[in-house]
Amino acid sequence: MPAASPSSYERFYAIVRRIPRGRVSTYGAVARLAGLPGHARQVGYALAALRDGSAVPWHRVVNAKGELSLKRAASPSGVTQRLRLAREGVVVDAGARVSLARFGWRVRERVARSAPD
DNA sequence: CCACTGACGAGTG
DNA sequence: GCACTCGCCAGTG
């Protein structure tokens with residue numbers, strides 16, 4: 001098994017798997033959460049290496065502008081991403097963009113206070 | 001080894 | 001919002 005080396009890909013996949021349904025995250029955020037800030041490009045590379053049937057919800061990952069990075073290609077992957085997002089209620093506009101303000105996944109870094117100040 | 005490319009991002013003007 | 005630069009790492013010729 002080639003699992004001898006601590007593939008950073010697996011680290012990225014682990015984060016992507018945590019993105020809740022109906023939400024999206026960004027390449028940069030995934031890299032950051034994986035403990036590898038600045039490796040956004042490698043996240044894209046890792047997702048591109050995924051095979052059909054993987055349990056990784058790669059379609060929930062968009063770039064920092066909220067755009068689907070596969071819009072450039074009419075590849076089946078691009079279509080699949082739009083289809084899956086639509087099925088989860090995520091709105092993608094004509095410019096292949098998603099409102100990060102509305103659908104961006106917010107990682108809770110602090111616990112909600114049960115009692116306000 | 002070098003140049004170039006790619007599902008990226010942040011900074012500057 | 002647009003154009004440009006630099007940083008990041010893997011794969012290819």
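Numbered from 1 within each chain, the chains take letters A, B, ... in sequence-line order.
Rounded to whole angstrom, the span from the CG atom of A:Leu70 across to the P atom of B:dG6 amounts to 13 Å. Put simply, CZ on A:Arg32 is 13 Å from P on B:dG9, counting in whole angstrom units. A:Arg41 has its CZ atom 6 Å from the C1' atom of B:dC8, to the nearest Å. Nucleotide B:dC8 holds its C1' atom 17 Å from the CZ atom of A:Arg97, rounded to whole Å. At whole-Å resolution of the value, CD in A:Glu67 and C1' in C:dC2 are 13 Å apart. Rounded to an integer number of Å, the gap from OH of A:Tyr9 to P of C:dA10 is 7 Å.
Nucleic acid contact for A:Ala64: sugar-phosphate only, since backbone atoms but no base atoms lie under 4.0 Å from a heavy atom of the residue.
Remark: A:Ser69 is in phosphate contact with B:dC8, judged by side-chain N or O atoms under 4.0 Å from OP1 or OP2. Residue A:His39 places at least one side-chain N or O closer than 4.0 Å to OP1 or OP2 of C:dC9.
At distances below 3.5 Å, not a single donor-acceptor pair connects side-chain atoms of A:Arg17 with backbone N or O atoms of A:Phe12.
The heavy-atom pair separating A:Ser69 from A:Tyr27 by the smallest distance is OG-CE1, 3.5 Å.
Using a 4.5 Å heavy-atom threshold, the side chains of A:Leu47 and A:Tyr13 count as touching.
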